[in-house]
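Letters A, B, ... mirror the listed sequences (proteins, then strands); counts begin at 1.
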2 protein chains.
Amino acid sequence: MIFSKSCVYGLRAMIYLASISREGYVSIKGLSEKLDISFHFLTKILQELTGADLLESMKGPKGGVRLTKSGRCITLKEVVEAIDGPAIFTECVLGLPGCGSEKPCPMHDMWEGTRDEINEIFTTTSLQDMSKEGKAKDLRITPDGKFVWG
Amino acid sequence: MIFSKSCVYGLRAMIYLASISREGYVSIKGLSEKLDISFHFLTKILQELTGADLLESMKGPKGGVRLTKSGRCITLKEVVEAIDGPAIFTECVLGLPGCGSEKPCPMHDMWEGTRDEINEIFTTTSLQDMSKEGKAKDLRITPDGKFVWG
DNA sequence: TATATTTAAGATAAAATTGTCTTAAAACTT
DNA sequence: AAGTTTTAAGACAATTTTATCTTAAATATA
C-alpha cells in the first residue's frame, strides 16, 4: 500500500467533503456512515486534518467539520503530507537516512524521476478535481457503493 | 515509506549479492553485518526470496545464499513482489477492492499513468543495473557507510 | 563418526498501526 | 439553566509489522 490506511481514509473523506456544499458543517458520524469508516478512527484522522488547518470543526448540534478552503485550493499533497508526512514526496526507495542528490543511494537516480512525478501530480491535483471526476463518472468512493454526495 | 522495511532490506541484500561474484554462497551472518541488518530478521526475509526462487540456499559450513540467476536477469520488481506483493504495481491509491478500469475510483485515472511508470521502471531495471550504479559511483547501501562488496 | 557451522522454522517479544471505548468540553435547543 | 448533540482527547485493545531467541535439520570437515 502506497499510503497508510489513515491516509486513504483521510483522502476519501476530503474528496467527499469537496464534493458537497461548504455551507454548514458535516457531522463526522454521518461521514463515517457514508464512507463506511469507523467513527472513532475517522474522528482521529480528521482531527489531524483540523490541526493541519485543512478542516475546521464545530462542536455541538449542527456541528461537524468542513473544508477551510475551497476544495479547488486544497491539493492531494496537502492531505497526504498532513497524515503520512512528506516522505513519499522526498525520500528514496532504500530509505537510507539523508538520501539525496548529495549523498545518494544506488536507487536514487533511478527513482528520482518517478518520485518527482508523484510530487508533481499530487501538487497539481486538487480535491475538487477528484470530486468532479467522481461525480462526472459516478465513480465509487466507498468500498461497495458509489460516489456519494449531497 | 513506499515499501515495507522487509522489502527495503531485501532490495539492499539483493543488490549487494548482485554486486559480487556468484561463485559460492554468501553467509547470511556476514551479509547482515555488512548491511547492518538484524541477522535473524534478514534470514526470514531471505527465506521468502528463496521461496520465490530468486535465491538458493545451502546449509552448513560454506553455506549461505546466492542468486539463482545472474543479477542481470533479476528485476527489482521480482524482489518487491516476492516480499510486498504486487499491490504497488496494480492497486489504486484509495485502496478500494477491485479498483480497475472496469470499476474505478475517482483517483484511478489520475494515478494510473504514474503507477504504470513505476511498473515499467521496476520491470526494466535489474539488480545488476543497481549494483553497477552503486559500484561506479561508490554509493552507499548501508545506513552510514558506503556501497560494500567483495 | 563426531563436531562445528549454517540455514530453516517456529515461538516469543517489542513496536507501530489500526480500531474501540470512555469521559470531557463546547455549542445548540428548549 | 438544563439537557442534548457533537467534536476533542486520551485510555485501552487488537492487529500487523518488525525484531529476537531457541531448537531442529542439513552439510562440511576433521
Side-chain angles (χ1 to χ4, degrees), chain A residues 1-13 17 23-68 80 82-85 87-88 94-95 143, chain B residues 1-13 17 23-68 80 82-85 87-88 94-95 143:
Chain A
M1 227 185 201
I2 179 128
F3 299 125
S4 73
K5 237 170 168 183
S6 295
C7 188
V8 167
Y9 290 166
L11 282 168
R12 304 219 316 246
L17 287 170
E23 320 267 321
Y25 293 90
V26 177
S27 85
I28 301 178
K29 192 78 181 19
L31 250 184
S32 75
E33 282 162 6
K34 279 212 166 112
L35 300 176
D36 199 28
I37 302 171
S38 143
F39 165 64
H40 285 100
F41 194 39
L42 182 59
T43 296
K44 279 193 169 179
I45 296 162
L46 298 188
Q47 275 171 27
E48 291 186 72
L49 295 171
T50 301
D53 205 36
L54 299 178
L55 291 178
E56 53 195 1
S57 68
M58 171 72 103
K59 292 180 181 177
K62 300 280 182 184
V65 295
R66 70 179 173 202
L67 302 182
T68 48
V80 170
I83 300 175
D84 275 356
I88 187 75
L94 293 184
Chain B
M1 231 189 200
I2 179 127
F3 300 124
S4 72
K5 235 171 169 183
S6 295
C7 189
V8 167
Y9 289 167
L11 282 167
R12 302 212 326 237
L17 287 171
E23 319 267 320
Y25 295 89
V26 178
S27 85
I28 301 179
K29 193 77 181 23
L31 250 184
S32 74
E33 282 162 5
K34 277 212 166 112
L35 300 176
D36 199 29
I37 301 171
S38 143
F39 165 65
H40 286 100
F41 193 40
L42 182 59
T43 296
K44 282 197 168 175
I45 295 163
L46 298 188
Q47 276 171 26
E48 291 186 73
L49 294 171
T50 302
D53 205 39
L54 298 178
L55 290 179
E56 53 195 1
S57 67
M58 170 73 102
K59 292 179 181 179
K62 300 281 181 184
V65 294
R66 71 179 172 201
L67 301 182
T68 48
V80 170
I83 300 174
D84 275 356
I88 187 76
L94 293 185

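For A:K62, there are no side chain to side chain donor-acceptor pair (under 3.5 Å) partners, not counting sequence neighbours. Taking A:T50 as the reference, nothing meets the side chain to side chain donor-acceptor pair (under 3.5 Å) condition, with sequence neighbours excluded. Residues satisfying the side chain to side chain donor-acceptor pair (under 3.5 Å) test with A:E33, not counting sequence neighbours, are A:K29. In terms of the ring-ring contact (aromatic ring centres under 6.0 Å, His included) criterion, residue partners of B:F3 (sequence neighbours excluded) are, by chain and number, B:F122. Not counting sequence neighbours, A:S27 has no partner by the side chain to side chain donor-acceptor pair (under 3.5 Å) test. Among residues two or more places apart in sequence or in another chain, the salt bridge (charged side-chain N to carboxylate O under 4.0 Å, His left out) test is passed with A:E56 by A:R66. Remark: B:F39 pairs with no residue by the ring-ring contact (aromatic ring centres under 6.0 Å, His included) rule, at least two apart or across chains. Here A:A52 pairs with A:L54, A:A82 under the side-chain contact (heavy atoms from CB on, under 4.5 Å) rule; sequence neighbours left out.
Within the model, atoms CG of A:L31 and OH of A:Y25 stand 14.5 Å from one another, a figure rounded to the nearest 0.5 Å.
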Distances under 3.5 Å only, N/O to N/O: pair up the protein atoms with those of nucleotides 26-28 of chain C.
residue, atom, partner, partner atom, Å
C:dA27, O4', A:K59, O, 3.4

Readout for nucleotides 12-20 of chain D: B = base within 4.0 Å of protein heavy atom, S = sugar-phosphate only, - = neither; 5' to 3' it is ------SBB
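The CD1 atom of A:I45 sits 13 Å away from the C1' atom of C:dT20 (whole-angstrom rounding). Atoms OH (B:Y25) and C1' (C:dT6) sit 12 Å apart, rounded to a whole Å. Atom CD1 in A:I28 sits roughly 12 Å away from atom C1' in D:dA9 (whole-Å rounding).
Listed by first and then second residue, the salt bridge (Lys or Arg N to Asp or Glu O under 4.0 Å) pairs involving residues 36-54 of chain A amount to none (not counting sequence neighbours).
Across residues 47-57 of chain A, A:Q47, A:S57 each have a non-hydrogen atom less than 4.0 Å from an atom of DNA chain D (numbered order).
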